[in-house]
Amino acid sequence: MRTQRTQVAIVGAGPSGLLLGQLLHRAGVHTIILERQTGDYVLGRIRAGVLEQVSVDLLDEAGVGARMHKEGLVHCGFELMFEGRRQRVDLHGLTGGKTVMVYGQTELTRDLMEARAAAGLFTVYDAQDVRIYDFDTEKPRVCYRKDGVEHEIACDFIAGCDGFHGVCRSSVPRAAITEFEKVYPFGWLGLLSDTPPVCDELIYINSERGFALCSQRSRTRSRYYLQVPLTDRVEEWTDEAFWDELSRRLDDEGRDKLVTGRSLEKSIAPLRSFVIEPLRFGRMFLAGDAGHIVPPTGAKGLNLAATDVKYLSMAFVEYYVDKSQAGIDAYSARCLRRIWRAERFSWWFTALMHRFSEDGPIVGKFQAAELDYLMHSQAGLRSIAENYVGLPLDFGEHHERQRSAHPSEFCGHAGSVEGEHSRAAAAIAARFN
Ligand code: FAD
Ligand code: PHB
């Protein structure tokens, strides 16, 4: 058995774990990251593509934004298509100048990996059988096996950044967790190809044949998605069948402009809304997909992971530099407030844009009527735009200040939601302290 010591042991080298490691490194906090896959495997997963301004700022703060600013595409709007017509949502105009950045999760992960390697920081790839212990004490431990040798890391804190199927959440006694989950009865079949995108901006399509999304990674690389039944298997979808189905869900202009080509990657992702409460268990904290999943329709998953990590890094820095527990105690409630807002938006947008097989044609008519209303209402458009570009990081605190400044406007609300979350989290976490 080999033993090591660190301040924060991070499980998972996806975007959450790597970004946390980088932010903590810049603040002088020592970390070790354990990842069960190889680096190449992590880079091979094709996932998110849209970053909110808050995430872009965070990557700048972490010192890894240079390539993103050079190669990423700033998008000022996107298009919504329903009943065969397209309408633009002017993100920039509706939000007072906010935009989103199209930059692939793969590239962002590569930038973070390179920054970590350049700083000489320690990441263990191919770490087998990772286990976490004693996070309900002052002396947590993480054990793993590498090349047949057992290792143990003694640490102050454990950050569970190990995604939906990770070991951290499943190491918590079930009775200490409240789980909220909705599984959708369809998946997204994604295809990546070196072909120019069909449109300069993203197109979200509600068609009679099901949802489709035209996204992109660069001016020469496209990413497309189709809503498919959960029973479909990716091997059954030839490239030709994919392009054919996408054309049918597009309008005439899209069909004319669509450039098809060989797929570089094809995969099916199930859709799920999932949150656990709380996100802290003694000295173990969950961040990113380990604690919550959103259906990808709202492009929120990676962005939520980034803000969890921002709050977590601030909490650790407060602990080490200011000798204060306040950030650690507030972590779960602060994150959950933002998470639930993004969960709500992603669920709503998913329901609005997809066809559910159990629904009759009347639901398609309801969706079209709602979209028609939203597209002709400044308030409706602004609500979509505000949620899509992402709510500001301090939204909760700002709202609280407003509430205490004008208590009469909120009469009937006894105490803050944040306070209720904190009390619930504290009660559950109490068994770990
Ligand atoms: P992950 O990326 O899952 O990383 C977790 C890491 O932990 C993995 O590398 C895993 O190998 C490792 N791990 C797991 N178990 C262990 C263990 N026992 N020991 C050690 N390591 C372990 N989000 C957006 O914001 N915008 C988008 O446009 C968007 N599009 C998406 C499209 C699709 C099709 C999908 C599937 C997702 C999309 N997302 C999007 C969501 C986004 O990809 C995720 O939210 C993001 O990957 C979360 O990062 P993470 O680091 O928390 O988790
Ligand atoms: C993507 O490009 O992968 C992408 C973009 C927007 C979404 C989901 C996925 O809403």
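Side chains included, hydrogens not; waters and symmetry mates left out as well; all remaining heavy atoms used. Atoms within a ligand are numbered from 1 in the order they appear, just like the ligands themselves. As the structure is a computational prediction, the values presented were derived from the model and not from experiment.
Heavy-atom contacts of L202 reach the following atoms of ligand 2: 5 (C), 6 (C) (cutoff under 4.0 Å). Heavy-atom contacts of T297 reach the following atoms of ligand 2: 10 (O) (cutoff under 4.0 Å). The ligand atoms of ligand 1 that sit less than 4.0 angstrom from a heavy atom of G288 are 52 (O).
Under 4.0 Å from ligand 1, the heavy atoms of V11 that appear belong solely to its side chain. Under 4.0 Å from ligand 1, the heavy atoms of Y225 that appear belong solely to its side chain. Only side-chain heavy atoms of V130 come within less than 4.0 Å of ligand 1; its backbone N, CA, C and O stay farther off. The part of L213 lying near ligand 2 is the side chain, judged by heavy-atom distances below 4.0 Å. With a 4.0 Å heavy-atom cut-off, ligand 2 is reached by the side chain of S215 but not by its N, CA, C or O. Within the 4.0 Å heavy-atom criterion, the part of Q37 lying near ligand 1 is the side chain and not the backbone. Residue contacts with ligand 2 for R217 involve side-chain atoms from C-beta outward but no N, CA, C or O (heavy atoms, distance under 4.0 Å). When heavy-atom distances to ligand 1 are checked against a 4.0 Å cut-off, R45 comes that close only through its side chain, counted from C-beta outward. The residue I46 has no part lying near ligand 2, judged by heavy-atom distances below 4.0 Å.
Cation-pi geometry between R85 and F82 is met: the NZ or CZ atom falls under 6.0 Å from the ring centre, inside 45° of the normal.
A salt bridge links E179 to R174: one of the charged nitrogens lies within less than 4.0 Å of a carboxylate oxygen.
Between V142 and A9 the shortest heavy-atom distance is CG2-CB, 3.8 Å.
Not close to ligand 1: A127, with no non-hydrogen atom less than 4.0 angstrom away. Contact annotation: G190 has no heavy atom less than 4.0 Å from any atom of ligand 1.
Taking the six-membered ring for Trp and thresholds of 30 and 60 degrees, F211 and W188 have nearly parallel ring planes, at less than 30 degrees apart. A tilted orientation is assigned to the rings of F242 and Y224, their planes being inclined by 30° to 60°.
The heavy atom nearest to atom 42 (C) of ligand 1, out of those in R47, Q105, E35, is found in Q105. Atom 3 (O) of ligand 2 has its nearest heavy-atom neighbour, among Y224, Y225, W188, Y103, in Y225. With D162, L286, L189 as candidates, the residue nearest to atom 7 (O) of ligand 1 on a non-hydrogen basis is D162.
Close placement of the Y319 and F157 rings is indicated, their centers lying within 6.0 Å of each other. The distance between the ring centers of Y41 and Y125 does not fall below 6.0 angstrom. Between F285 and F316, the ring centre distance stays below 6.0 Å. In this structure, F78 has its ring center under 6.0 Å from that of Y204. In summary, the aromatic rings of W340 and F345 are positioned with their centroids too far apart to meet the 6.0 Å limit. With ring centers used as reference points, F164 lies under 6.0 Å from F274.
Of all protein heavy atoms, the one closest to atom 8 (C) of ligand 2 is P296 O, 3.3 Å. Looking only at heavy atoms of the protein, atom 40 (C) of ligand 1 is closest to A48 CB, 3.1 Å.
Side-chain atoms of Q22 and L20, non-hydrogen and from C-beta on, never get closer than 4.5 Å to each other.
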